[in-house]
Amino acid sequence: RPEAREGGRRVAEAADRLAAAGEATGPETAQWVAERYLRPTLQVLERYARVAAEPKASGPALREIEAEGLPAVAAKLDQLRAEIERDTKIASVAS
């Protein structure tokens with residue numbers, strides 16, 4: 001389904017941006033970002049892929065995930081990335 005692919009792509013891109021921001025701040029932050037956000041996001045996407053692959057999957061539930069769930073995950077990852085980048089700028093100015 002095109003909506004699912006687009007939603008998944010947005011989540012993956014947001015996760016990549018978040019990972020890059022975490023790596024830029026150091027290994028401790030990168031590890032925290034991976035454990036706290038990226039691994040759970042991957043688990044959600046894997047479960048979604050399994051449900052979507054089921055021929056008897058509920059159409060309305062999948063459409064709701066595609067319309068609301070995936071965009072919400074991408075937005076949350078982007079929000080965290082922005083916070084990490086802001087905190088990094090503040091820390092660099094302070095030092």
task: Any chance you could measure Thr41, atom OG1, to Arg36, atom CZ, to the nearest 0.5 Å?
output: 10.5 Å

message: For the CD atom of Glu46 and the CD atom of Gln43, what is their distance to the nearest 0.5 Å?
response: 7.0 Å

statement: Value for CD1 (Ile84) from OH (Tyr37), rounded to nearest 0.5 Å, stands at 8.0 Å

Gap separating the CZ atom of Arg10 from the CG atom of Asp78, nearest 0.5 angstrom: 11.0 Å

- prompt: Do Leu80 and Leu42 belong together in a cluster built from hydrophobic side chains that touch within less than 4.5 Å?
  reply: no

- line: When rounded to the nearest 0.5 Å, the distance separating CD of Glu85 from CZ of Arg17 is 9.5 Å

- line: When every non-hydrogen atom of Val11 is compared with those of Leu70, the smallest separation belongs to CG2-O, 3.3 Å

- line: Nearest heavy-atom approach of Leu38 to Ala15 is CD2-CB, 3.6 Å

- prompt: At their closest point, which heavy atom of Ala74 faces which heavy atom of Ala14, and how far apart are they?
  reply: O-CB, 3.6 Å

